[in-house]
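Within every chain, numbering begins at 1; the chains are lettered A, B, ... in the order of the sequence lines, protein sequences first and strands thereafter.
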Amino acid sequence: MTVVTRFAPSPTGFLHIGGARTALFNWLYARGRGGKMLLRIEDTDRERSTQAAIDAILDGLNWLGIEWDGDAVYQFARAARHREVVEQLLAAGNAYPCYASPEELAQMREAARAQGRAKLYDGRWRDRDPREAPPGVKPAIRLKAPLTGETVIEDQVQGRVIWQNENLDDLVLLRSDGTPTYMLAVVVDDHDMAITHIIRGDDHLTNAARQKQIYDALGWPVPMMAHIPLIHGPDGSKLSKRHGALGVDAYRAMGYLPVALRNYLVRLGWSHGDQEIFSTEEMIAAFDLPQIGRSPARFDFAKLESLNAHYIRQTPDADLLAAVDRFLLYLPDGAALAAKLTPHVRAQWLQSMPSLKERAKTLIDLIDGAHFLLADRPIPLDDKAAALLTPDAKGVLIDISTELAKVEPWTPEATEHAVRAFAERKGAKLGAVAQPLRAALTGRTTSPGIFEVLTVLGKAESLARVADQAGSQSAR
RNA sequence: GCUCCCUUCGUCUAGCGGUCUAGGACGCGGCCCUCUCAAGGCUGAAACACGGGUUCGAUUCCCGUAGGGAGCGCCA
């Protein structure tokens with residue numbers, strides 16, 4: 001049997017991090033078994049579904065590199081089929097019209113709660129003659145669910161989960177306006193799409209019982225189910241916007257690489273021994289349902305960052321620069337930065353990429369680290385750099401610049417030799433010379449190795465930058 | 001309130017009755033390296049929620065308690 005999984009988001013917002021993980025799990029499971037992952041847009045809520053949300057979800061999946069097979073199925077378009085199935089159920093006596101008013105329903109709910117009963121709807125129209133229907137009232141159609149016995153789900157993650165049927169009331173299949181409910185639509189669509197494995201959030205576990213009853217009434221086989229625990233915020237509470245329930249586009253904008261996010265997500269609630277780093281192929285080969293944990297995981301930015309730093313270091317320099325190019329599209333001041341990326345600057349960036357990427361946890365960090373390549377002379381000093389350039393330090397700059405002016409050819413070895421020799425002659429530590437130089441050259445107190453910076457900048461630019469800062473002393 | 005699920009270091013997790021003086025990763029502390037910051041190497045602190053069983057033996061199995069979570073709509 002070919003494995004067919006599905007990802008079924010409702011387009012009422014962006015693709016959030018939990019949804020992304022669900023999609024990833026479905027994708028990995030199908031890919032690892034030569035199966036397919038289908039995409040279904042659950043857009044039956046006409047009020048809240050938007051095209052913008054659909055676009056955001058597809059965009060998010062694409063960015064993460066999660067591909068679905070075939071065309072996306074739109075649930076709303078299948079309403080006629082859903083109604084047809086209800087007719088079947090009605091004809092077989094497995095469903096019935098219910099004429100209870102919203103007021104009655106509210107009363108039943110209140111009563112049930114007051115009496116501590118699980119069942120909300122009391123089944124008052126279950127066996128009543130429809131001829132007693134109040135005039136002019138359109139009925140909803142309810143499932144005639146079993147009154148006794150139990151409903152059992154053999155969940156691949158949660159194990160065997162059992163509900164007593166006496167606690168489950170007759171759910172609505174068709175609203176009084178004739179539109180299908182989610183519970184019905186999901187079952188019919190999963191069946192028609194030949195889904196073999198339903199992998200979805202834990203929040204659907206109780207729905208699984210109701211859906212099982214629909215499958216049973218229809219005589220359809222129930223797909224394998226796997227309800228994966230939800231992702232929580234760092235404090236253990238439900239993931240909120242404040243935590244990380246952001247759209248995946250927000251992670252993109254924060255400078256995370258899709259490979260890193262995928263690796264982080266796959267290890268959230270799933271493990272494969274002690275392995276932390278997975279290539280896509282490794283993930284696909286290793287992923288399976290029994291290794292999914294049953295308790296909710298907390299979202300931890302620090303770990304995501306460390307994974308991101310790892311993947312940034314792993315990425316070839318040219319690819320990383322290409323990633324920056326794409327990333328600029330999602331940065332507020334990206335256009336201005338893009339304009340600065342002349343062929344000359346790109347070459348410089350590429351040259352210092354090996355040490356720049358070692359210092360970056362995100363693409364934002366990477367761009368920030370390249371600041372000394374992007375800034376115009378006289379380059380602005382940050383507070384620490386400004387504080388470091390004391391009158392004494394500026395004196396050092398004047399002296400070292402005459403030494404550097406003599407260096408030829410301008411190589412890392414030659415500049416290092418000159419600077420070290422100078423420091424030695426002055427009886428100073430290397431740092432006493434390197435730090436003022438760094439401040440003058442980069443405007444910061446941290447940067448790649450100073451001799452590398454000198455090399456990448458070139459002799460003329462380096463001397464000019466040193467002069468910019470040293471000169472401000474003579475003006476004093 | 002009702003139904004269902006969950007519980008190993010701060011966090012993600014390994015562990016599927018003895019190999020656990022409980023392993024790895026992130027984070028945190030220290031040391032080394034060092035022109036800064038990183039990276040890297042070495043190293044340290046840090047957990048089986050609690051109480052009963054079952055068993056020769058429980059982190060591992062069962063039952064309670066406590067604490068989390070999800071669902072409870074003619075929303076999805």
Query raised in the report: What distance, rounded to whole Å, do you find between the two C1' atoms, one in A58(B) and one in A45(B)?
Result: 27 Å
Report task. Let me know the distance between OH of Tyr311(A) and P of A39(B), rounded to the nearest Å. Result -> 17 Å
Requested in this report: Considering only NZ, NE, NH1 and NH2 on the basic side and carboxylate oxygens on the acidic side, decide whether Lys426(A) and Asp399(A) come within less than 4.0 Å.
Outcome: yes
Query - P atoms of G41(B) and U59(B), separation to the nearest Å - result: 35 Å
Query raised in the report: Side-chain N or O of Arg210(A) less than 4.0 angstrom from OP1 or OP2 on C4(B)?
Result: no
Report task. Give the C-alpha distance, both sets of side-chain angles, the deciding distance and a yes or no for side-chain hydrogen bond (donor to acceptor under 3.5 Å, both in side chains) between Tyr182(A) and Asn207(A). Result -> CA-CA 10 Å; Tyr182(A) 161 80; Asn207(A) 290 337; 4.6 Å; no
Report task. Tell me what Ser306(A) touches on the nucleic acid: a base, only sugar-phosphate, or nothing, going by heavy atoms under 4.0 Å. Result -> sugar-phosphate
**Report entry** Paired nucleotide for A45(B) [Watson-Crick or G-U wobble; both distances under 3.5 Å]
**Finding:** none
Query raised in the report: What does C20(B) pair with, Watson-Crick or G-U, if both distances are under 3.5 Å?
Result: none
Report task. In plain terms, say whether Arg113(A) and Glu110(A) are close enough for a salt bridge, that is, a side-chain N and a carboxylate O under 4.0 Å apart. Result -> no
Report task. Kindly say if Arg117(A) contacts the phosphate of U3(B), meaning a side-chain N or O under 4.0 Å from OP1 or OP2. Result -> no
Query raised in the report: With no hydrogens and no angle check, do the side chains of Asn26(A) and His197(A) hold a donor and an acceptor under 3.5 Å apart?
Result: no
Query raised in the report: Could you give the CZ-to-C1' distance, from Arg40(A) to A76(B), as a whole number of Å?
Result: 11 Å
Report task. Assess whether side chain to side chain contact (heavy atoms under 4.5 Å, CB included) is satisfied between Lys138(A) and Asp177(A), documenting all intermediate values. Result -> CA-CA 7 Å; Lys138(A) 294 247 192 219; Asp177(A) 66 0; over 6 Å; no
Report task. Choose from U3(B), A76(B), C74(B) the nucleotide whose nearest atom is closest to any side-chain atom of Gln75(A). Result -> A76(B)
Query raised in the report: Any cation-pi pair here, Arg267(A) with Phe278(A), using under 6.0 Å and within 45°?
Result: no
Query - Per Ser10(A) side chain, nearest of listed nucleotides A76(B), G24(B), C5(B) - result: A76(B)
Query raised in the report: What does Gly269(A) touch in the nucleic acid at a heavy-atom separation under 4.0 angstrom: a base, only the sugar-phosphate, or nothing?
Result: sugar-phosphate
Query raised in the report: Nearest to the side chain of Lys303(A), which nucleotide is it out of C35(B), A25(B), G27(B)?
Result: A25(B)
Query raised in the report: For Ala309(A), which contact category applies under a 4.0 Å heavy-atom criterion: base, sugar-phosphate, or nothing?
Result: nothing
Requested in this report: From the options C6(B), A25(B), U11(B), select the nucleotide whose nearest atom is closest to the side chain of Asp300(A).
Outcome: U11(B)
Query raised in the report: Quantified in whole Å, what is the P atom distance between nucleotide U36(B) and nucleotide C31(B)?
Result: 15 Å
Query raised in the report: What about the rings of Trp125(A) and Tyr96(A), do their centers lie closer together than 6.0 Å?
Result: no
Report task. Just do the salt bridge (charged side-chain N to carboxylate O under 4.0 Å, His left out) check on Arg6(A) and Asp189(A) with the steps written out, would you? Result -> CA-CA 10 Å; Arg6(A) 45 60 155 197; Asp189(A) 291 348; over 6 Å; no
Report task. Quick one: look up who C9(B) pairs with, Watson-Crick or G-U, both distances under 3.5 Å, and put none if it's unpaired. Result -> none
Report task. For nucleotides 65-71 of chain B, just jot down a letter per nucleotide in 5' to 3' order: B, S or -, based on protein non-hydrogen atoms under 4.0 Å. Result -> ----SSS
Report task. Using a 4.0 Å heavy-atom cut-off across all strands, classify Leu120(A) as base, sugar-phosphate, or nothing. Result -> sugar-phosphate
Query raised in the report: For U13(B), does either OP1 or OP2 sit under 4.0 Å from a side-chain N or O belonging to Arg267(A)?
Result: no
Query raised in the report: Per the atom types in the model, does the base of C37(B) pair as donor or acceptor with the side chain of Arg359(A) at under 3.5 Å?
Result: yes
Query raised in the report: Rounded to whole angstroms, how far apart are CD on Glu110(A) and C1' on G73(B)?
Result: 15 Å
**Report entry** Non-hydrogen atoms of Val186(A) and Arg200(A) that approach each other most closely
**Finding:** CG1-NH2, 4.0 Å
Query raised in the report: Just checking Gly449(A): base, sugar-phosphate only, or nothing, at a heavy-atom cut-off of under 4.0 Å?
Result: base
Requested in this report: State whether Thr12(A) places a side-chain N or O below 4.0 Å from either non-bridging phosphate oxygen (OP1 or OP2) of A76(B).
Outcome: no
Query raised in the report: Can you tell me how far C1' in C20(B) sits from the matching atom in U60(B), rounded to whole Å?
Result: 11 Å
Requested in this report: Using Watson-Crick or G-U wobble geometry with both distances below 3.5 Å, tell me the partner of G64(B), or none.
Outcome: C50(B)
Query raised in the report: Given the C1' atoms of C50(B) and G68(B), what is the spacing between them in whole Å?
Result: 15 Å
Report task. Would you please say whether a donor-acceptor pair under 3.5 Å links the side chains of Thr390(A) and Asp392(A)? Result -> no
Query raised in the report: Which part of the nucleic acid does Tyr264(A) contact within heavy-atom distance under 4.0 Å: base, sugar-phosphate only, or nothing?
Result: nothing
Report task. Taking only the side-chain heavy atoms of Arg48(A) (C-beta and beyond), determine which of A76(B), C5(B), G27(B) contains the nearest atom. Result -> A76(B)
Query raised in the report: Of all the choices, A76(B), G27(B), C35(B), which nucleotide is nearest to the side chain of Tyr182(A) once you look at every atom?
Result: A76(B)
Return a table of donor-acceptor pairs under 3.5 angstrom between the side chains of residues 360-374 of chain A and protein atoms on other chains or two or more places apart.
unit_1    : atom_1 : unit_2    : atom_2 : d
Thr362(A) : OG1    : Ile364(A) : N      : 3.3
Thr362(A) : OG1    : Asp365(A) : N      : 3.1
Asp365(A) : OD2    : Lys361(A) : N      : 2.9
Asp365(A) : OD2    : Thr362(A) : N      : 3.3
Asp368(A) : OD1    : Arg444(A) : NH2    : 3.4
Asp368(A) : OD2    : Arg444(A) : NH1    : 3.4
His371(A) : ND1    : Arg444(A) : NH2    : 3.3

Query raised in the report: Could one point to a donor on the side chain of Arg113(A) or the base of C2(B) with an acceptor on the other under 3.5 Å away?
Result: no
Query raised in the report: Roughly how many Å is it from CD1 in Ile277(A) to P in A14(B), rounded to a whole number?
Result: 17 Å
Query - Whole-Å P distance, A66(B) and G10(B) - result: 24 Å
Query raised in the report: Rounded to whole angstroms, how far apart are CZ on Arg294(A) and P on C5(B)?
Result: 12 Å
Query - Pairing partner of A70(B) (Watson-Crick or G-U wobble, both distances under 3.5 Å) - result: U3(B)
Report summary line: Picking from C12(B), U3(B), A39(B), the nucleotide nearest the side-chain atoms of Leu268(A) would be C12(B)
Query - Closest to side chain of Gln158(A), choosing from C6(B), G27(B), U36(B) - result: C6(B)
Requested in this report: Check the distance between G73(B)'s C1' and Lys119(A)'s NZ and give it to me in whole angstrom.
Outcome: 17 Å
Requested in this report: Could you measure between the two P atoms, the one in G18(B) and the one in U3(B), and give it in whole Å?
Outcome: 36 Å
Query raised in the report: Across the strands shown, which category fits Ile162(A) at heavy-atom distances under 4.0 angstrom: base, sugar-phosphate, nothing?
Result: sugar-phosphate
Query raised in the report: Expressed in whole Å, how much space separates the C1' atoms belonging to G73(B) and C28(B)?
Result: 47 Å
**Report entry** Whole angstrom value for the distance that separates P of G73(B) from CZ of Arg142(A)
**Finding:** 10 Å
Query raised in the report: A76(B) phosphate, OP1 or OP2: any side-chain N/O from Thr44(A) under 4.0 angstrom?
Result: yes
**Report entry** Euclidean distance, atom CD1 of residue Ile292(A) to atom C1' of A14(B) [Å, nearest integer]
**Finding:** 16 Å
